[in-house]
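First up is the structure itself, then whatever we jot down about it.
Labels below follow one simple rule: chain letters A, B, ... track the order of the sequence lines, proteins then strands, and each chain is numbered from 1.
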Amino acid sequence: MLPTDKWICLAPQLLLLLLKFAITEEGDEQSAVFNNIGNVPHHYQAVTDAAGRAELIQLLSAQKEISFDTETTGIDSQNTELVGISFSIKTHEGWYIPIPEQREEALKILNEFQPVYENENIVKIGQNFKYDMNVLALYGIEVKGKLFDTMVAHYLIQPEMRHNMNVLAETYLGYSPVSIETLIGKKGKDQGSMRDVALEEITEYAAEDADVTLQLKEKFIPMLEETATTQLLNEVELPLIPVLSAMEREGICLDIQTLKEFSKLLEGDILNIDKEIQTLAGTPFNISSPKQVGDILFEVLKIAEKPKKTKTGQYATGEDILSKLSGKHPIVDKILDYREIVKLKSTYVDALPLMVNARTGRIHTTFNQVVAVTGRLSSDNPNLQNIPIRTSRGREVRKAFVPRDEKHILLSADYSQIELRIMAHLCQDPGLLEAFQNNLDIHTATASKVFGVALEEVSGEMRRKAKMVNFGIIYGISAFGLSERLNIPRKEAATIIENYFIQYPLIKDYMDSAIEKARKQGYVETILGRKRYLRDINSQNHTVRGFAERNAINAPIQGSAADMIKVAMINLHKVIQDKKFKSRMILQVHDELVLMYPLEEKKTK
DNA sequence: TCAATCACG
DNA sequence: ACGTACGTGATTGAC
């Protein structure tokens with residue numbers, strides 16, 4: 001690596017070029033060289049003997065707050081090994097403690113640090129704290145005391161930005177930490193292991209992470225005040241971290257045998273449908289290729305007058321398009337069927353069993369707290385927030401999620417119409433409030449009002465339409481969008497929307513005021529003050545501005561629902577802990593919580 | 001790597 | 001006269 005003083009001798013053009021590279025790729029080697037913390041005086045120290053550790057532990061134990069980080073062999077916090085731990089208590093200083101590969105020896109050293117991690121009086125600062133919590137739990141350590149997470153804090157300050165440490169360090173501290181690629185190479189099969197990195201190098205890397213984390217925390221405290229998100233952080237997002245950690249560690253059991261059998265069944269179905277489709281098409285093609293499906297439907301069979309195209313000029317063959325062409329040719333329904341089955345098989349039936357953790361025998365998702373700009377959680381590896389439910393084949397997949405044993409039961413509890421209720425709260429529309437207060441089916445009540453018939457006279461068709469309007473309202477409705485989804489003329493959709501706003505006049509007012517608010521202050525916010533910044537709200541471009549306007553309407557609703565369930569999760573977790581229940585929260589699906597409880601706790605609830 | 005599709009709320 | 005419903009993640013084919 002080149003020291004900085006050699007860089008400034010370079011021709012300005014070259015420097016500019018290098019700078020350009022440095023900022024296009026986050027955390028790459030160029031940016032690591034440019035403005036590295038290595039050019040700042042610092043003191044990072046490896047602690048490798050018992051005496052050194054004892055001294056460090058004594059020092060850490062006397063602190064009000066410490067930042068820490070863990071180095072591991074992998075990125076899956078449920079299936080990884082500790083390579084080392086690092087701490088910082090002062091800017092530009094830090095310690096790194098290697099952890100041996102041999103588990104007994106590793107446990108011995110971690111036991112030494114246990115009193116630090118579990119000290120209730122020390123504030124712990126981390127970046128992506130949940131990961132470290134999960135890893136340390138693998139070694140029997142429950143991190144306790146007040147915590148601070150720079151990643152989660154930044155999520156409230158700038159929800160739409162990325163929140164990884166390299167970005168944060170570059171943006172707020174003006175330097176690029178050593179990138180992990182410098183140590184173990186680029187992601188891929190040739191990537192090395194953190195285990196094999198020389199002590200000197202990993203010390204710089206790990207201690208720097210703890211150091212940077214501590215510095216970021218100091219930066220973020222006033223920024224949280226400026227954005228009025230301190231309370232949301234302290235009372236919702238941070239307390240949620242141990243809850244999510246516990247849920248991830250708990251995992252969920254999967255009935256692999258059932259899925260294996262289902263897979264075989266689907267396999268057969270796929271072969272049959274494939275054959276039927278090829279025959280109907282008259283020429284062989286790959287049904288999994290949307291491009292080829294489009295060509296068959298619209299070039300060979302010509303089943304539509306003017307087929308819709310995607311933005312790249314390819315024929316659009318999505319479910320919405322094909323279902324409208326259902327009657328035109330028998331092949332259409334077959335393709336839809338084929339797509340459903342292949343989706344289920346590849347994404348769920350075959351994929352999930354491979355993700356069962358060898359140690360626990362269960363599936364462990366990761367709940368991401370800083371991805372969704374509205375404040376929702378997301379779930380990945382695997383995503384357990386999109387397990388099928390809408391079709392009967394899909395529900396078979398869902399059935400494979402089972403309690404631990406016959407003495408346990410899975411319980412799912414969900415909010416009913418939470419987003420519409422929040423809309424009712426935000427706009428205080430009397431009609432909408434009354435419908436909820438009378439505990440009416442909200443879509444039927446809406447149909448009754450919009451179509452001007454008695455509640456008892458509402459037909460299935462009317463309810464279906466009203467339901468679509470209610471959903472559309474939350475998303476920032478347009479006549480075009482509604483007409484597309486109801487497959488009715490735009491004029492008719494417009495009339496329905498007009499009637500809707502006559503019946504619920506304050507909803508219209510809410511939508512207008514949300515947009516107005518966004519224009520004036522540049523952001524909208526949820527009930528708990530979570531912001532969404534909408535820089536495009538005054539754009540000259542209709543499409544771009546339209547997006548921002550719909551976001552202004554939707555974000556406070558979707559986001560407030562997210563706030564609410566997060567608070568509920570924290571409270572529920574506390575009750576379970578305080579009363580020492582064995583019930584466990586397992587999943588969150590936006591408006592739903594899945595718990596597993598032992599039979600014996602059924603009556604105490 | 002991106003676009004298209006589709007699973008969920 | 002525009003293009004259009006909000007938020008996610010995984011898989012596949014095509015380049």
Side-chain angles (χ1 to χ4, degrees), chain A residues 159-160 285-294 308-323 335-336 338-352 355 365-368 370-391 393-395 397-398 412 414-415 417-419 423 468-486 490 493 497 511 514 524 532 540-559 561-562 565 587-593:
Chain A
E160 313 217 26
F285 72 105
N286 184 350
I287 311 166
S288 292
S289 161
K291 185 174 156 60
Q292 294 183 37
V293 167
K308 284 233 166 67
K309 299 268 188 84
T310 66
K311 57 177 167 229
T312 56
Q314 195 177 290
Y315 292 119
T317 70
E319 196 271 336
D320 51 337
I321 309 274
L322 292 198
S323 59
I335 290 172
L336 287 170
Y338 177 92
R339 289 232 178 111
E340 182 196 335
I341 300 171
V342 167
K343 178 82 174 178
L344 289 180
K345 187 166 183 291
S346 63
T347 308
Y348 305 100
V349 179
D350 291 344
L352 287 172
M355 307 202 70
T365 185
T366 299
F367 288 108
N368 202 321
V370 300
V371 166
V373 285
T374 53
R376 275 187 175 184
L377 300 176
S378 80
S379 157
D380 66 8
N381 286 301
N383 183 354
L384 295 186
Q385 289 181 324
N386 72 346
I387 301 303
I389 191 170
R390 290 173 191 171
T391 67
R393 283 195 196 95
R395 286 190 287 275
V397 174
R398 193 162 275 233
S412 156
D414 64 292
Y415 288 106
Q417 303 298 343
I418 187 170
E419 293 192 342
M423 169 69 98
M468 291 307 270
V469 185
N470 278 330
F471 275 114
I473 286 295
I474 290 165
Y475 300 150
I477 200 162
S478 72
F480 178 86
L482 186 66
S483 68
E484 278 291 294
R485 272 157 194 79
L486 287 177
R490 203 153 147 181
I497 294 170
M511 295 170 73
V524 290
R532 174 149 190 194
Q540 297 294 316
N541 182 319
H542 271 93
T543 313
V544 171
R545 190 177 64 245
F547 266 109
E549 288 173 351
R550 292 193 295 276
N551 285 334
I553 293 162
N554 176 264
I557 299 170
Q558 188 179 118
I565 196 166
L587 298 176
Q588 187 254 41
V589 196
H590 312 305
D591 65 350
E592 171 192 11
L593 292 174

TODO: For C:dT4 versus B:dA4, give the span between their P atoms, rounded off to a whole number of Å.
DONE: 12 Å

Open item on the list: So, OP1 or OP2 of C:dA14: does either fall under 4.0 Å of a side-chain N or O from A:S289?
Closed with: yes

Open item on the list: Of the listed nucleotides (C:dG9, C:dT12, B:dA4), which one gets closest to any side-chain atom of A:S288?
Closed with: C:dT12

Open item on the list: Tell me whether the side-chain N or O atoms of A:R390 pair up with the base of B:dA7 as donor and acceptor below 3.5 Å, since no angle test is needed here.
Closed with: no

Open item on the list: Between the base of C:dT4 and the side chain of A:S478, is there a donor and acceptor pair under 3.5 angstrom?
Closed with: yes

Open item on the list: Starting the side chain at C-beta, find the nucleotide from B:dT5, B:dG9, C:dG7 nearest to A:A372.
Closed with: C:dG7

Open item on the list: Looking at A:R532, I'd like to know whether one of its side-chain N or O atoms comes within less than 4.0 Å of OP1 or OP2 on C:dG7.
Closed with: yes

Open item on the list: Quick check for you: among C:dT11, C:dC6, B:dT5, whose closest atom lies nearest to any side-chain atom of A:F547?
Closed with: C:dC6

Task: Selected nucleotide, minimal atom distance to A:I477 side chain, candidates C:dT8, C:dA1, C:dA5 - done: C:dA5

- [ ] Check every atom of C:dG7, C:dA14, B:dT5 against the side chain of A:R339 and return the nucleotide holding the closest atom.
- [x] B:dT5

Open item on the list: Students often get this wrong, so: under 4.0 angstrom with heavy atoms, is A:N383 touching a base, only sugar-phosphate, or nothing?
Closed with: sugar-phosphate

Open item on the list: Any carboxylate oxygen within less than 4.0 angstrom of a Lys/Arg side-chain nitrogen, looking at A:E340 and A:R393?
Closed with: yes

Task: Atom C1', compared across C:dG3 and B:dA7: separation rounded to whole Å - done: 26 Å

Open item on the list: Please confirm whether the shortest side-chain N or O distance from A:R376 to OP1 or OP2 of C:dT8 is below 4.0 Å.
Closed with: no

Open item on the list: What's the closest nucleotide to the side chain of A:D380 if the choices are C:dT12, C:dG9, C:dT4?
Closed with: C:dG9

- [ ] Return yes if the base of C:dC6 and the side-chain atoms of A:Q558 contain a donor-acceptor N/O pair under 3.5 Å, otherwise no.
- [x] yes

Open item on the list: With rounding to the nearest 0.5 angstrom, report the CG to CZ distance, A:N554 to A:F547.
Closed with: 12.0 Å

Open item on the list: Taking the minimum atom-to-atom distance to the side chain of A:K311, which one of C:dA5, B:dA7, B:dA4 wins?
Closed with: B:dA4

- [ ] Record whether the side chain of A:R490 comes under 3.5 Å of the base of C:dT4 through a donor-acceptor pair of N or O atoms.
- [x] yes

Open item on the list: Can you identify which nucleotide, out of C:dC2, C:dA5, B:dA7, has its nearest atom closest to the A:M468 side chain?
Closed with: C:dA5

Open item on the list: So, taking the atom named CD1 in A:I553 and the one named OH in A:Y475, what distance separates them when rounded to the nearest 0.5 Å?
Closed with: 13.5 Å

Open item on the list: On the nucleotide B:dA4, are OP1 or OP2 found under 4.0 Å from the side-chain N or O atoms that A:T310 carries?
Closed with: yes

